[in-house]
Amino acid sequence: MTAGHDWPLWEVFIRAREGLSHKHVGSLHASDAEMALQHARDVYTRRREGESIWVVQSTDIVASAPADKESLFDPADSKIYRHPTFYEVPDEVECL
Amino acid sequence: MVQSQITGNASEADEAARFQSKVDREIKIEPRDWMPEGYRKTLVRQISQHAHSEIVGMLPEGCWVTRAPSLRRKVQLLAKIQDEGGHGLYLYSAAETLGTSRAEMIDALHEGRAKYSNIFNYPVLSWADIGAIGWLVDGAAIINQIALCRCSYGPYARAMERICREESFHQRQGYEIMMSMAFGTKDQKRMAQSALDRWWWPSLMMFGPSDRESAHSSQSMQWKIKRVSNDDLRQQFIDMTVPQADYLGLKMPDPDLKWNEERGHYDFGAIDWAELKRVVSGDGPCNKERMTARVKAHEDGAWVREAAAAYGEKQRLRKQAAKIAAE
């Protein structure tokens, strides 16, 4: 039996309703972009889950490393002055 | 990227402790996170086996599409089978995030190195069996899959959520078929009872060996790949299904089945584990037929896959040439 090689892997993003952004829903194999769109439609929208589909070849995605999570994101924890609740303003002044 | 160098040097034991602590705190593990080799292997085995079950599960139902008693039943069955194909694909994708390939998994199935759910090695003898499969087999699968929605591995848990959402119609359409048969003519009722008689015990075996015998259970529980034990899931299924059979006026094929007030559960008779062992190891009524059909479908489709790959490659080269010409 021939093992063969798999078609390229594609990541699928779907906009559930107009007004929402596309969200990652899963992945699939396809030999080209057109087939990836058709397969995404069949595999991920059998119950009208979407208004629009994006497919991106998985190898084109650049991702941050899990090990870099702390160095990338922890510094934001100490910058509480970036949130409105950090500031004290009088109750009687409105629209702040 | 200094950080990754530091953690790269951390010892295996530190990583393992950090991993277990994340699992204990119900933080999902994602594809690129560190994980013990055993966790990865267990998941690849379990998820691919689950995917194979969805794919092989289409075969026993497939032959009834052209024999469905009405157009309504036919479109329902087609939609169910289509879902199963889709569920297989979600699961193969989830397994691929762990570093295995689709081709490897499919080869393992076709060469008999990978297992699929034993239930599909039984024959589908009458239309009532299609009802019993939806009601019992999908019912059992749902119980198992609801527990797996809380699995510690993110891609598996997400696939399970989607599958559970889609699968509840499978069980309901099965019960609806059982209702029309059980409340129909004498012959129809007899067919419904015969389907229940034949599918009940294999459905109970779907939850796997008893907790006392299960080889993988305790490690899988610690890793939260498995959240509820085989015996607890089986009991839950029995408790749920007995009243459903009562409603249909059908008799469960188990003389020892009775409500135990003290336990708050149904007691049930001994499961024939020797039969499970025999069928799993290849000696069931339909093992050969299923694998032959699956391999044939794969081989018959080879030219389509090759043509599509060649076409895709040609498109890619053309695009590349046009880009160079434009520059």
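A note on names: the letters A, B, ... follow the listed sequences, proteins ahead of strands, and every chain is numbered from 1.
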*Is atom CH2 of B:Trp34 surrounded by more than 12 heavy atoms (other residues, nucleotides or ligands) closer than 6.0 Å?*
yes

*Could you please state which residues from residues 30-41 of chain A sit under 4.5 angstrom from chain B, measuring non-hydrogen atom to non-hydrogen atom, sorted by number, or 'none'?*
A:Ser31, A:Asp32, A:Met35

*asked:* I'd like to check A:Leu28 versus A:Trp7 (side-chain heavy atoms, cut-off strictly below 4.5 Å). Are they in contact?
replied: no

*Please look at A:Ser64 and chain B and tell me whether the side chain, the backbone, both or neither of the residue comes under 4.5 angstrom of a heavy atom of that chain.*
backbone

*Hey, are the side chains of B:Lys74 and B:Val65 touching, using non-hydrogen atoms and a 4.5 Å cut-off?*
yes

*Which distance, rounded to the nearest 0.5 Å, do you find between the CG of B:Leu98 and the CE of B:Met35?*
5.5 Å

*Does atom NZ of B:Lys28 have more than 12 heavy-atom neighbours from other groups under 6.0 Å away?*
yes

*Salt bridge or not for B:Asp107 and B:Arg113, using N-O below 4.0 Å?*
no

*Residue pair B:Ile225, B:Tyr39: steps toward the side-chain contact (heavy atoms from CB on, under 4.5 Å) verdict*: CA-CA 8 Å; B:Ile225 290 174; B:Tyr39 180 82; 3.7 Å; yes

*asked:* Is B:Gln82 in contact with chain A via its backbone, its side chain, both, or neither, using a 4.5 Å heavy-atom distance?
replied: both

*asked:* Using a strict threshold of under 4.0 Å (side-chain N to carboxylate O), is an ion pair present between A:Lys69 and A:Asp74?
replied: no

*May I ask you to say whether B:Lys323 pairs ionically with B:Glu327, meaning some side-chain N is under 4.0 Å from a carboxylate O?*
no

*asked:* Between the side chains of A:Glu49 and A:Arg47, is the shortest nitrogen-to-carboxylate-oxygen separation below 4.0 Å, so that they form an ion pair?
replied: no

*asked:* Checking an interface table here. Which of residues 85-93 of chain B come within a heavy-atom distance under 4.5 Å of chain A?
replied: B:Gly86, B:His87, B:Leu89, B:Tyr90, B:Ser93

*Hey, does A:Arg15 have a side-chain heavy atom less than 4.5 Å from the side chain of A:Lys23?*
no

*Tell me, do B:His50 and B:Leu148 make a side-chain contact under 4.5 Å, heavy atoms counted?*
yes

*Should we say atom NZ of B:Lys296 is surrounded by more than 12 heavy atoms from elsewhere, each under 6.0 Å from it?*
no

*Toward chain B: residues of residues 82-96 of chain A with heavy atoms under 4.5 Å*: none

*Of the listed residues (B:Gln315, B:Glu96, B:Glu306, B:Arg316), which shares the most heavy-atom pairs with chain A below a 4.5 Å separation?*
B:Glu96

*Side chains of B:Val295 and B:His298: closer than 4.5 Å at any heavy-atom pair?*
no

*Between B:Ile55 and B:Met58, is any pair of side-chain heavy atoms under 4.5 Å apart?*
yes

*Passes side-chain contact (heavy atoms from CB on, under 4.5 Å), A:Trp10 versus A:Val56? Steps please.*
CA-CA 5 Å; A:Trp10 302 74; A:Val56 181; 5.8 Å; no

*Residues of residues 150-174 of chain B under 4.5 Å from chain A (heavy atom pairs)?*
B:Arg162, B:Glu166, B:Phe169

*Test log, rule side-chain contact (heavy atoms from CB on, under 4.5 Å), inputs A:Ser71 and A:Asp68*: CA-CA 5 Å; A:Ser71 68; A:Asp68 293 334; 4.1 Å; yes

*Hey, does B:Pro36 have a side-chain heavy atom less than 4.5 Å from the side chain of B:Phe19?*
yes

